[in-house]
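One structure is given here, and the rest of the page talks about it.
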Protein chains: 2
Amino acid sequence: MYSSELIKGTLKTIVLKLLSKQEKMYGYEMTQHVKELTGGKIQLTEGALYPTLHAMEKQGILSTEVENVGNRIRKYYRVTPTGRQVAENKVNEFSAFMETMMVLLDIQPKMG
Amino acid sequence: MYSSELIKGTLKTIVLKLLSKQEKMYGYEMTQHVKELTGGKIQLTEGALYPTLHAMEKQGILSTEVENVGNRIRKYYRVTPTGRQVAENKVNEFSAFMETMMVLLDIQPKMG
DNA sequence: AAATAATGCATAAGAAAATTAGGTATATAA
DNA sequence: TTATATACCTAATTTTCTTATGCATTATTT
């Protein structure tokens, strides 16, 4: 697990990237997906995730549809066309930011 | 300039790295140094920097010495031996975090 | 000479984003 | 039947940063 300091500010970017790759997802699914993809090193907390999802919906970046699974509710999120643009910008910005940080911190890129 | 969201949580890491490379520095000098090194893309604000420096000093990560330059005061900061270890850990953690984020966001490493 | 910008420190109010902790409810495994 | 997993949500608090302000000295521009 990374210190929570580092992860700050990346939540929206992560959510938007997930939803750019996968038509629709619900909140809990996102937490599990990220946990798996990062080997448990990043774990989205629900207390942070849900308010952020609501905010992004309000901003027109995400849209929702509710589905009933058994007696439970699932709220699926999708990126809107606007959101898709925001997603791309966010990822590009993060990418540029990382390059800058690598210079600043003398970090060598890993050769695949 | 990157959105302030992204830069959040990296301030201590940046300061510790600067001071690991350069025996001693004063606050204002750090702001200028980072500005130059990043082509203005990251700018440490004094409102964030000074309180953080004070906190790190209190934690024993940094030590200070005041110098009079003309009639002005300069407060130099150094990393303590403890701080040097913290610095290394922080940079390593950030490096690992970036790798994780690259996987998560499908970002390709730049070949030098 | 006077005004502005740059240097250099500092704090304080407020905003933003997260953590922590709680709540509701169903399904399943031990 | 008790815990764990699924699935949503909110509220109080904490952390961290921004914005604004203040003080003082020195260098530069007009």
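Note that the coordinates shown come from a computational prediction; the quantities given were computed from them, not determined experimentally. The figures here come from the full heavy-atom set of this structure, side chains too, leaving out hydrogens, waters and symmetry mates. Numbered from 1 within each chain, the chains take letters A, B, ... in sequence-line order.
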Contact class for [X] (heavy atom, under 4.0 Å): base, sugar-phosphate, or nothing?
X	value
A/R74	sugar-phosphate
A/E5	sugar-phosphate
A/Q32	sugar-phosphate
B/G9	sugar-phosphate
A/L11	sugar-phosphate

Round to the nearest Å and state the distance from [X] atom [atom1] to [N] atom [atom2].
X	N	atom1	atom2	value
B/L53	C/dT11	CG	P	11 Å
B/M1	D/dC17	CE	C1'	12 Å
A/L44	C/dA17	CG	P	16 Å
A/K8	C/dT19	NZ	P	7 Å
A/M30	D/dC9	CE	P	11 Å
A/H54	D/dA11	NE2	P	12 Å
B/L49	D/dT19	CG	C1'	16 Å
A/K24	D/dA7	NZ	C1'	16 Å

With respect to the phosphate group of [N], does any side-chain polar atom (N or O) of [X] fall under 4.0 Å of OP1 or OP2?
X	N	result
A/T52	C/dA18	yes
A/T45	C/dT19	yes
A/Y26	D/dA7	yes
A/Y50	D/dC8	yes

- B/L11 to B/A48 - nearest heavy-atom pair and separation: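 Result for this residue pair: CD2-O, 3.7 Å.
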- For the pair A/K24 and A/E67, evaluate salt bridge (charged side-chain N to carboxylate O under 4.0 Å, His left out) and give the outcome as yes or no after the intermediate values. CA-CA 12 Å; A/K24 60 176 182 176; A/E67 193 176 278; 3.7 Å; yes
- Candidate list B/E57, B/R78, B/H54, test side-chain hydrogen bond (donor to acceptor under 3.5 Å, both in side chains), partner B/T64, passing option: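 That would be B/E57; it is the only one of B/E57, B/R78, B/H54 passing the side-chain hydrogen bond (donor to acceptor under 3.5 Å, both in side chains) with B/T64.
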- Query: Taking for each residue the nucleotide of DNA chain D with the nearest heavy atom, is it B/K12 or B/N71 whose nucleotide lies nearer the 5' end?
  - Reply: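 By nearest-heavy-atom nucleotide position, the 5'-most residue is B/K12.
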- Task: On DNA chain C, check which nucleotide each of B/R72 and B/K75 is closest to and give me the residue with the more 5' one.
- Result: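 Its nucleotide being nearer the 5' end, the pick is B/R72.
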- Query: Salt bridge or not for B/K12 and A/E5, using N-O below 4.0 Å?
  - Reply: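 Result for this pair is yes, salt bridge flagged.
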- Can you tell me how far the CD1 atom of A/I73 sits from the OH atom of A/Y26, to the nearest 0.5 Å?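 Interatomic distance, A/I73 CD1 to A/Y26 OH, rounded to 0.5 Å: 14.0 Å.
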